[in-house]
There are 2 protein chains.
Amino acid sequence: MDRRQQKTRKAIFSALSNLLEQKRFECITVQEIIDEADIGRSTFYAHFETKDDLLKEMCTDIFHHIFAERLPQEADSDHMEGSANLELKLGHILYHLKENKCNLKGILEGESGELFLYFLKGYLCDLFIRYKDDFPCDIPEDFLLHHLAASFSEAVKWWMREDTRHSPEEVAAYYMAMIRTQNRK
Amino acid sequence: MDRRQQKTRKAIFSALSNLLEQKRFECITVQEIIDEADIGRSTFYAHFETKDDLLKEMCTDIFHHIFAERLPQEADSDHMEGSANLELKLGHILYHLKENKCNLKGILEGESGELFLYFLKGYLCDLFIRYKDDFPCDIPEDFLLHHLAASFSEAVKWWMREDTRHSPEEVAAYYMAMIRTQNRK
DNA sequence: AAATTACAGAACATAGTGTTCTTTATCATA
DNA sequence: TATGATAAAGAACACTATGTTCTGTAATTT
């Protein structure tokens with residue numbers, strides 16, 4: 001990939017990032033992104049088909065970076081009990097999300113919230129399924145998985161709105177306390 | 001209020017309702033609403049400032065109808081235990097939402113999802129707070145309330161996506177099973 | 001029956017989107 | 001370092017959607 005392309009791509013991502021600190025995605029125009037990135041109009045459309053396309057690619061980059069590159073390198077904790085392992089990994093996710101806070105603020109609400117949920121489910125699916133045995137067996141599995149993932153996603157949104165005043169570990173602990181059910185088999 | 005106004009307002013709501021069965025809100029244009037409602041352009045803007053304004057008013061109407069008119073008329077169950085009472089009321093909400101399914105499909109995801117959450121929180125706040133004693137006290141109260149309300153909201157979305165194949169009672173029971181925590185005081 | 005009010009329809013200004021073109025600058029590489 | 005290839009700048013453009021304004025007509029209220 002040409003240096004110029006990389007530079008432009010970075011400039012566009014960075015511009016959107018900056019703008020997202022001021023206003024929500026829907027209220028940002030392509031022109032503003034172009035001005036902020038200091039590039040030509042045709043250049044933008046040479047890189048991305050639409051504004052939505054840009055958001056999707058940027059989010060994919062961020063989430064892929066977190067879920068596929070950062071998290072797997074961290075200490076494996078498969079020896080732990082399912083619950084403790086889950087809490088640890090959720091804490092790690094929150095830690096990495098905090099690093100990208102400027103990017104994520106105002107993103108998680110919209111369409112890319114679904115994208116986050118998708119990555120989250122993919123990454124945690126096996127853990128959630130292992131943890132599933134702690135829940136009553138008459139709950140449909142897809143409901144359980146959706147509930148666990150979506151609840152965590154909502155916890156993240158709450159945390160972002162609170163300006164991440166609590167530590168990642170705290171939030172992970174709150175979440176675990178909430179989903180630690182009474183009906184153990 | 002003039003009969004003509006009421007008629008037009010109804011026609012616009014109905015038009016949006018119909019269109020929402022085919023596509024998501026963001027993809028619907030004002031022109032399509034106008035054509036579907038068979039009214040003049042100026043008439044639309046005499047009633048609503050913007051398309052978002054229309055959505056907001058329509059959702060407010062629906063949710064107000066459910067939360068302020070229908071639900072309070074139903075059998076009071078204050079004598080029940082907090083948990084059973086909550087499950088019953090959640091079931092009622094789901095029942096009334098099902099009646100408006102055509103309207104709500106594709107709505108709850110967007111901005112009006114927040115509106116739903118607002119009504120939900122308002123209606124259930126005292127119940128949730130009463131139920132709060134079942135949770136560990138070291139969880140921040142606003143986290144707890146947000147988690148309970150948002151989780152329920154997510155359960156509704158799941159249910160809508162599943163084309164409401166499960167009964168309201170079932171979904172309410174699933175939800176209650178998920179939030180029935182282990183850590184009773 | 002008269003005054004008021006809502007509606008239809010058309011025309012308009014405005015703003016944002018996405019495309020196309022030419023010229024200029026930068027890159028890879030032989 | 002000369003050269004062919006490629007990316008970017010910038011302007012012009014067509015197109016779509018939004019929201020406003022106006023006039024004449026029809027319905028409603030009193």
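Within every chain, numbering begins at 1; the chains are lettered A, B, ... in the order of the sequence lines, protein sequences first and strands thereafter. Since this is a predicted model, take the numbers as computed values, not measurements.
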*asked:* With a cut-off of less than 4.0 Å, is there a side-chain N or O of Thr43(A) near OP1 or OP2 of dA9(D)?
replied: yes
*Trp158(B) vs Tyr174(B) aromatic rings, parallel, tilted or perpendicular, using cut-offs 30° and 60°?*
perpendicular
*Can you check whether any acceptor in the base of dG19(D) is under 3.5 Å from a donor in the side chain of Ser42(B), or vice versa?*
no
_I need the CZ-P distance between Phe44(B) and dG19(D), as an integer number of Å._
8 Å
*Could you tell me the separation between the CD atom of Glu26(A) and the P atom of dG16(C), rounded to a whole number of Å?*
15 Å
*asked:* Restricting to non-hydrogen atoms, name the atom on Thr164(B) and the atom on Lys98(B) that form the minimum distance, rounded to 0.1 Å.
replied: O-NZ, 3.4 Å
*Interatomic distance, Gln31(A) CD vs dG18(C) C1' [rounded to whole Å]*: 12 Å
*What is the distance, rounded to the nearest whole Å, between atom CZ of Phe48(A) and atom P of dT19(C)?*
15 Å
*Hey, is the side chain of Gln5(A) poking within less than 4.0 Å of OP1 or OP2 on dA7(D), counting only N and O atoms?*
yes
*Does a side-chain N or O from His47(A) land closer than 4.0 Å to OP1 or OP2 of dA7(D), or not?*
no
*Can you list every salt bridge (Lys or Arg N to Asp or Glu O under 4.0 Å) pair that touches residues 40-60 of chain A, not counting sequence neighbours?*
Arg9(A)-Glu57(A)
*asked:* Is it the case that the base of dG18(C) and the side chain of Arg41(A) share a donor-acceptor contact (distance under 3.5 Å, atom types as modelled)?
replied: yes
*For the residue pair Phe116(B) and Phe63(B), does the interplanar ring angle fall in the parallel (under 30°), tilted (30 to 60°) or perpendicular (over 60°) class?*
tilted
*For Asp38(B), answer base if it contacts any base atom (sugar-phosphate contacts may also be present), sugar-phosphate if it contacts only those atoms, and nothing otherwise; contact means non-hydrogen atoms under 4.0 Å.*
sugar-phosphate
*Find the distance between CG (Leu86(A)) and CZ (Arg180(A)) and round it off to the nearest 0.5 Å.*
9.5 Å
*Using whole Å, report how far CD of Glu32(A) lies from C1' of dT17(C).*
14 Å
*Mind calculating the distance between NZ (Lys7(A)) and P (dA8(D)) to the nearest angstrom?*
10 Å
*Can you give one letter per nucleotide of nucleotides 25-30 of chain C, 5' to 3': B if a protein heavy atom sits under 4.0 Å from the base, S if only from the sugar-phosphate, - if neither?*
BBSS--
_Parallel, tilted or perpendicular: which one describes the rings of Phe143(A) and His147(A), with boundaries at 30° and 60°?_
parallel
*Side chain of Thr29(A) only, please: which of dT18(D), dT17(C), dA9(D) is the nearest?*
dT17(C)
_Test of understanding: with ring-ring contact (aromatic ring centres under 6.0 Å, His included), list the residues that count as partners of Phe128(A), not counting sequence neighbours._
none
*When we call it a touch if two heavy atoms are under 4.0 Å apart, what does Asp52(B) touch: a base, just sugar-phosphate, or nothing?*
nothing
*On DNA chain D, check which nucleotide each of Thr50(B) and Ile39(A) is closest to and give me the residue with the more 5' one.*
Ile39(A)
*Check whether the side chains of His96(A) and Glu69(A) place a donor and an acceptor atom closer than 3.5 Å, and report yes or no.*
no
*Between Gln6(B) (CD) and dT5(C) (P), how many Å, whole number?*
17 Å
*Over how many whole Å does the gap from Asp35(A) atom CG to dG10(D) atom P extend?*
11 Å
*asked:* Less than 4.0 angstrom between a side-chain N/O of Tyr45(A) and OP1 or OP2 of dT19(C), yes or no?
replied: no
